[in-house]
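Here the structure is laid out as structure tokens; the discussion comes afterwards.
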Amino acid sequence: MNWLEPLEYPFLRDAMMIGSLIAVMCAVLSCFLVLRGWSLMGDAVSHSLLPGIVLAYLVGAPLLIGAFLAGLLCAVGTGWVKNISRLKEDTAMGVVFTGLFAIGLVLFSKVPSDLHLDHILFGNLLGIGPAEIREVMWVAFPVLAVLLLKRRDFLLLCFDPVQARVTALPVRLLHYGLLVLLSLAIVVSLKAVGIILVTAMLITPGATAFLWSDRFDRMLWIASATAVCSTVLGVMISFHSDASPAACIVLFQAALFALSWMLAGRRGHRRRENPGGNETGI
Amino acid sequence: MPMNDPLQIRLDVENISVMYGNGHAALEGASFSLSGGTICALVGVNGSGKSTLFKSIMGFVKPRDGMVKINGQPVREALKKHLVAYVPQAEEVDWSFPVSVRDVVMMGRYGAMNFLRIPRAVDRAAVEDSLRRVGMWEFRDRQIGELSGGQKKRVFLARALAQDGCLILLDEPFTGVDVSTEDAIIDLLRELRSEGCVVLVSTHNLGSVPEFCDQVVLLNRKVLAHGPTEEIFTEQNLTSAFGGQLRHFHFEQSTIQSHDGRAVKVLTDDERPLVFGKDGHLEYKNREGREDLLKKRKEEL
Amino acid sequence: MDLNDMLIPLHYDYMIKAIWVCALIGGVCGLLSSFVTLKGWSMMGDALSHAVVPGVAVAYIFGLPLVLGSFVSGMLAAWAMGVIKTRSKLREDAVLGIVFTAFFALGLLLISLYPARVDLKSIVFGNVLAISDGDVRQLLFISGAVLLVLAMKWRDLLLFCFDAQQARAMGLRVAWMHALLLMLLSATAVAALITVGALLVVAMLITPGATAYLLTDRFSRMLGISATIGVVTAALGAYASYFANGSTGGCIVTLQTIVFLVCLIVAPKHGLLARRRRERREVVS
């Protein structure tokens with residue numbers, strides 16, 4: 001069996017290329033999400049897109065817009081429920097996103113449509129067409145550009161929001177900006193990897209990179225590299241074994257994480273607690 | 001370097017009231033003013049509104065009534081000129097974050113930097129300057145988690161210096177810090193005072209207040225008293241600020257040893273102090289049940 | 001729609017069966033959701049409900065009992081999360097996310113490799129309307145076991161959720177309680193997976209408890225309320241799904257969310273309106 005055979009098929013080359021682009025975008029986002037403690041935000045937002053997609057289909061609007069609005073509704077709704085009740089944030093998030101997802105399912109089963117639920121849920125990386133490729137590029141490059149150019153502001157927001165406000169950074173704008181970028185990224189990733197596995201792409205690369213690096217820029221590089229490797233290998237394996245490509249990609253990412261966790265040794269283990277030892281005066 | 005002129009700095013807290021979400025008042029009609037060249041302690045029990053007052057000064061909570069003014073302007077304007085610098089408590093910081101000491105201090109410069117926050121030569125110089133001033137320059141490439149408690153504190157002080165703010169807020173700066181670092185921090189704050197800054201220190205560490213603070217604001221949801229330390233730090237004021245939470249030790253009557261009429265009083269809100277009297281004998285707050293010791297001391301005399 | 005139309009679902013045996021099966025599972029999930037809310041384990045519920053999927057797939061492929069397969073994979077996932085969390089600098093939410101997505105992906109991989117033996121749709125969305133008698137027996141067994149354990153141990157579990165330190169000080173074996181709650185969650189996740197599907201299990205394990213938490217400050221009452229909400233919404237949802245082309249899980253969880261939203265606004269002490277009233281009174285005085 002020729003291992004490089006997949007590269008001879010244009011649709012597989014497309015899948016690898018577009019999959020890698022999505023993987024890099026998600027990986028860069030995952031670095032911020034892991035550091036901000038928002039790892040499960042991707043999970044919540046991705047589930048909550050469903051009613052938006054179905055409603056957009058009903059009224060004939062672009063599906064992307066509907067999905068995007070539903071994702072924002074989830075993020076804003078979670079904040080609202082948390083603020084007006086005594087529930088913790090994760091509980092509020094759980095109630096909101098599952099509620100939206102359930103409504104989406106009911107709508108979906110009531111509305112006759114030619115939407116493939118399988119494709120929304122699990123993606124269809126190998127069946128991605130030129131129009132969709134263009135769509136992904138139109139969203140992914142701007143999202144990446146904003147994230148990378150404004151990475152220092154986003155980093156300060158994650159690290160010390162108080163300082164960000166004290167130095168008059170537009171904290172609210174950055175906060176919602178990050179949510180908007182997250183929603184956009186999830187929306188365009190749907191076609192490729194689906195609602196469920198985009199969650200993994202939005203956590204695992206960042207977490208893997210976090211184990212290896214104690215500088216943020218390095219973390220971005222490592223996350224992107226692991227994401228691209230996983231995508232290329234995942235697509236190859238799925239071609240040879242006829243398995244779901246999204247599942248293969250995510251399992252590769254998880255395997256890289258597991259490997260890093262075992263190898264990262266001293267650096268990755270345990271939150272650091274004052275190893276500096278004795279004090280000296282100024 | 002674009003310098004904020006510290007000589008003009010002035011903080012006016014004008015009759016502010018802040019409510020919690022549940023409708024309870026966190027602050028009621030708090031007023032005081034501070035101006036250039038002072039170290040002021042903000043003293044009160046937990047829940048007395050210290051952190052709410054800090055948040056109001058940083059513009060995080062909007063007072064229901066009243067207003068905080070910095071140099072006569074609303075807080076928003078002052079933040080835009082990055083006049084306010086904040087040194088967080090150690091517990092508020094995620095020490096495993098992948099940033100170096102230099103990165104953290106550079107974050108103090110963000111307000112003054114361009115849209116993409118790319119450091120210019122002035123920014124690098126300011127960062128180096130601040131790090132040298134707190135003696136942390138040689139640690140500039142360490143990840144922040146690889147520092148000791150006192151070093152961590154100094155990094156965040158350096159960030160406040162690099163920001164070049166002249167209203168500096170410190171939240172419990174001495175918790176988790178050893179004595180020599182505490183002294184070093186106090187020296188640095190004194191320097192800042194002599195440069196004309198307003199340094200506002202929230203603390204429940206009463207003992208250190210008269211050491212380095214020239215002014216005090218006593219807080220218990222209202223401002224109970226404010227002014228120069230020697231006028232405000234009276235037993236009566238502190239008792240009313242701390243209510244039953246303060247431990248009193250009046251050594252002229254209660255201890256076992258005679259003090260020749262020279263009374264010593266110790267007030268503390270935190271832990272019981274260990275007090276040694278004459279000849280290194282332990283002092284006791286209460287004589288009851290120690291009749292044998294009393295007799296022994298008498299015999300020694 | 002007149003009364004006759006509304007009674008149509010009740011003429012079918014499969015609907016009657018679906019309604020009582022859902023009510024039972026809804027009640028069990030409701031009870032557990034109170035513990036989940038108090039312990040702050042909402043995302044653990046999410047994680048476990050995804051993590052049992054490979055077990056279900058393996059069980060289908062090799063013809064094993066579902067309970068066994070999914071229980072094993074749920075516990076494996078919980079163990080992996082525990083080990084990685086204590087031995088890395090990552091936050092808990094990241095660890096949960098990595099592990100459960102990996103497990104879910106493994107499940108999908110298995111399903112995509114053996115498409116003929118596993119029905120993906122019934123795992124992901126549940127299929128209670130066509131539930132087999134064998135599955136019903138498994139559900140009865142799981143529910144019975146969970147209810148029995150809860151009946152015997154709910155006080156211990158409550159103390160563990162409320163104050164693990166105190167529980168340890170009282171001589172309870174905290175690690176064991178932790179494992180017990182995880183086991184109960186995994187078992188219930190499997191049961192709920194069969195009724196509402198893997199993607200909505202998490203709602204059944206969070207929403208009733210969160211709703212009850214808004215309504216009362218007493219734990220015993222909270223248990224009663226969340227179980228009642230679970231039973232009623234599940235039964236009604238199953239009934240309503242007859243009219244909604246069979247999305248049972250969607251109907252149940254939509255109902256639960258509506259109940260939650262209503263309580264969020266009108267709950268006597270912790271609701272939005274009560275809070276507004278209190279604030280206004282404060283201002284007036």
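Given the structure is predicted, the values throughout are model-derived calculations rather than measurements.
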- Query: Phe154(A) and Phe159(A): aromatic ring centres closer than 6.0 Å?
  - Reply: no
- Any idea which of Ile103(A), Val81(A), Leu87(A), Val34(A) has the most non-hydrogen atom pairs under 4.5 angstrom with chain C? Leu87(A)
- Between the main-chain N or O of Ala247(A) and the side-chain N or O of Ser244(A), is there a donor-acceptor pair closer than 3.5 Å? yes
- Task: Select one option (side chain, backbone, both, neither) describing which atoms of Thr257(C) are under 4.5 Å from chain A's heavy atoms.
- Result: side chain
- Query: Side chain, backbone, both or neither: which part of Tyr213(C) has a heavy atom under 4.5 Å from chain A?
  - Reply: both
- Query: What part of Phe97(A) is in contact with chain C, defined as an atom under 4.5 angstrom from a non-hydrogen atom: side chain, backbone, both or neither?
  - Reply: side chain
- Query: Looking at His47(A), Lys110(A), Arg86(A), Lys88(A), which makes the most heavy-atom pairs under 4.5 Å with chain C?
  - Reply: Arg86(A)
- Whatever's closer than 4.5 Å to a heavy atom in chain C on Leu197(A) counts as side chain
- Query: Should we count CG of Asp242(A) as having more than 12 external heavy atoms under 6.0 Å?
  - Reply: no
- Using non-hydrogen atoms only, which part of Val124(C) is less than 4.5 Å away from chain A: side chain, backbone, both, or neither? side chain
- Message: Quick check on the interface: out of Ile249(A), Leu35(A), Leu40(A), Val250(A), who has the most heavy-atom pairs with chain C under 4.5 Å?
- Response: Leu40(A)
- Item | Distance-only side-chain donor-acceptor flag, Ser260(A) / Thr208(A), under 3.5 Å | no
- Item | Leu33(A), part contacting chain C, at a heavy-atom distance under 4.5 Å | neither
- Message: Please classify the contact between Asp90(A) and chain C as side chain, backbone, both or neither, with a heavy-atom cut-off of under 4.5 Å.
- Response: both
- With rounding to the nearest 0.5 Å, note down the distance linking CG in Leu190(A) to CD1 in Ile53(A). 5.0 Å
- Message: If you count heavy atoms of other groups shown closer than 6.0 angstrom to OH of Tyr114(C), is the number above 12?
- Response: no
- Message: Counting only non-hydrogen atoms closer than 4.5 Å, does Leu113(C) touch chain A with its backbone (N, CA, C, O), its side chain (CB onward), both, or neither?
- Response: side chain
